[in-house]
Amino acid sequence: MAAFPLTRLPASSVENVLRMMSPLQLVVFSLLSKKCKDQVNSLNTSAETMRIQITNSIVFEVPFDEDTLRIEFYELDAFMVRLMRDERNKTLRAAAKVTIGIYRNEVYTEYSQWFTNKLSVKQWVEQLKCVFPNVDVDWIHFSAGAFRFDLDSIQETFPKIPQLSINHTGDYGFNRLILEKFLPTYAISISRNCFEDFRIPHKTIFTMSNVPNLWIEGPRMNITSNSTL
Amino acid sequence: MSVENAPVVDVDEAAIPVEKKMYYRFESNDKKEFRVSELAIQQSETLNRLVEAMGYTSEDVENKPAIAIENIDGKTLKLVFQWCEHHKGEAIPVDDGSVPKIVEIPEFDAKLMDIDNGLLFKLIWAADYLNIVQLLNVSCKKVANMAQGKTPAQLRRVYLLPSDEEDEAAKRAAQEAQDPRAREVEEEFEERKRQGGNSFF
């Protein structure tokens, strides 16, 4: 595609162009220079919440009316998941590969991916707060595979977590550590499968009792792995 | 009075004066002339004000020289007036300041803007100068669409966007061009700092 000299348009037209870009395009544009970042910031694009999904990758989700902006770091394919199953304490430094997309009804309507990322996950949070000045992390959701990441690094990246959701990460010790590190929060939703034999230790129940909104998901009974198959 | 009771009046349609359509004449900076209907001109706030201020009659339009548009060439102006004629009589959209701004490009406009980027660039400048709100919207939307699915490196190439270093260099060059003495003062200041002086004055 031939180039278009955007910056040589009248300033009002540049603003008009930016206002018509999708959230994905605004994020990508903001990465190009300080000036681009300031231009995008001045649009004051509305987005309020950002959910963080930590599995064997880290995903940011920013919902809009019908669409959701999704940004994924440390993505692993099925082969790499097996290969990296013993990986632990991965810090949230810059992941070279970034996948960013807009999806609607679980289908991508726009998508981009690059392998030259130099921003850490924390810098990405700051970048998104610049693009969407009112956005705040409201939920962090841990689930299968999250144990590969370093919890101190996660805590440093997301110092304030109002709401926490935990499914079994694949490592009971890691599940327990999440609670130790991140409680108290305003709300917590936790699955019983985070605990061995689905039994929540009394100490944990006591700790969670200080959380104003608590949901415990899953069966109350002691279910063996054979009976769930 | 109810509608049913309203008096029925026979209308002799032939007796109704038909308003003669007025076509204004405009000339581009490369001396191409265009005839544009009064209704089409209303899409351009700038031209609409201009013709209102001129108060031309039908005779004036024919007898006086075409209105010169100094900074737009014939090729661009042709597109502008084609667009205005096609959309004449349509309401001019009011910008509510929303982000993202939702704009659909109609089929006619998409075909009209099936042009190279150089001409698209001129078209946006023309729409901005002539203040044609909806033409600006669709042409800017076409430029925004160029960003679809691009990586940062691709987007930099598509929009020819300078890096921070290039922005800094351009800023310095502009400052120097504006005030050559400022550079000398800056160099002198740097030299004194190197020599350990705390105060410039």
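All of these numbers come straight from a predicted model, not from anything done at the bench. Just so it is clear: chains get the letters A, B, ... in the order the sequence lines come, proteins before strands, and each one is counted from 1.
- For A/T116, no part lies near chain B; criterion is any non-hydrogen pair under 4.5 Å.
- Counting heavy atoms from C-beta outward, B/Y159 and A/L32 have side chains that stay 4.5 Å or more apart.
- The 12-atom threshold is exceeded at CD of A/E180, counting heavy atoms of other residues, nucleotides or ligands nearer than 6.0 Å.
- Around the CG atom of A/D65, the shell of radius 6.0 Å holds no more than 12 heavy atoms that belong to other residues, nucleotides or ligands.
- For A/F64, no part sits under 4.5 Å from any heavy atom of chain B, backbone or side chain.
- Remark: B/K101 does not engage B/D96 in a salt bridge, criterion side-chain N to carboxylate O under 4.0 Å.
- Comparing A/T45, A/L31, A/V27 by how many heavy-atom pairs each has under 4.5 Å with chain B, the most go to A/T45.
- Below 30°, between 30° and 60°, or above 60°: for A/H168 and A/Y172 the angle between ring planes is below 30°, a parallel geometry.
- For A/Y111, the part sitting under 4.5 Å from any heavy atom of chain B is the backbone (N, CA, C, O) and nothing else.
- Looking at B/L155, both its backbone and its side chain come within 4.5 Å of chain A, counting heavy atoms on both sides.
- Heavy-atom pairs under 4.5 Å with chain A were tallied for B/T151, B/V103, B/D116; the largest tally goes to B/T151.
- For the set B/A127, B/G97, B/G118, the entry with the most heavy-atom pairs within less than 4.5 Å of chain A is B/G97.
- No other option in B/V99, B/D164, B/N137 has as many heavy-atom pairs under 4.5 Å with chain A as B/D164.
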Check your understanding: Would A/T99 and A/Q113 satisfy side chain to side chain donor-acceptor pair (under 3.5 Å), going step by step from the backbone distance to the final call?
Key -> CA-CA 4 Å; A/T99 305; A/Q113 187 178 73; 2.9 Å; yes
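- Using a 4.5 Å cut-off between heavy atoms, B/I102 makes no contact with chain A at all.
- The contact between B/R156 and chain A is made by backbone and side chain atoms together, counting heavy-atom distances below 4.5 Å.
- Shown here is B/E62, whose CD atom has more than 12 heavy atoms of other residues, nucleotides or ligands within 6.0 Å.
- Aromatic pair A/W124/A/F60: ring centres not closer than 6.0 Å.
- The contact between A/T109 and chain B is made entirely by backbone atoms, counting heavy-atom distances below 4.5 Å.
- Counting non-hydrogen atoms of neighbouring residues, nucleotides and ligands closer than 6.0 angstrom, the NZ atom of A/K35 reaches no more than 12 such neighbours.
- Interface remark: B/D167 contributes side-chain atoms only to the contact with chain A (heavy atom separation under 4.5 Å).
- Interface remark: A/S13 contributes backbone and side-chain atoms alike to the contact with chain B (heavy atom separation under 4.5 Å).
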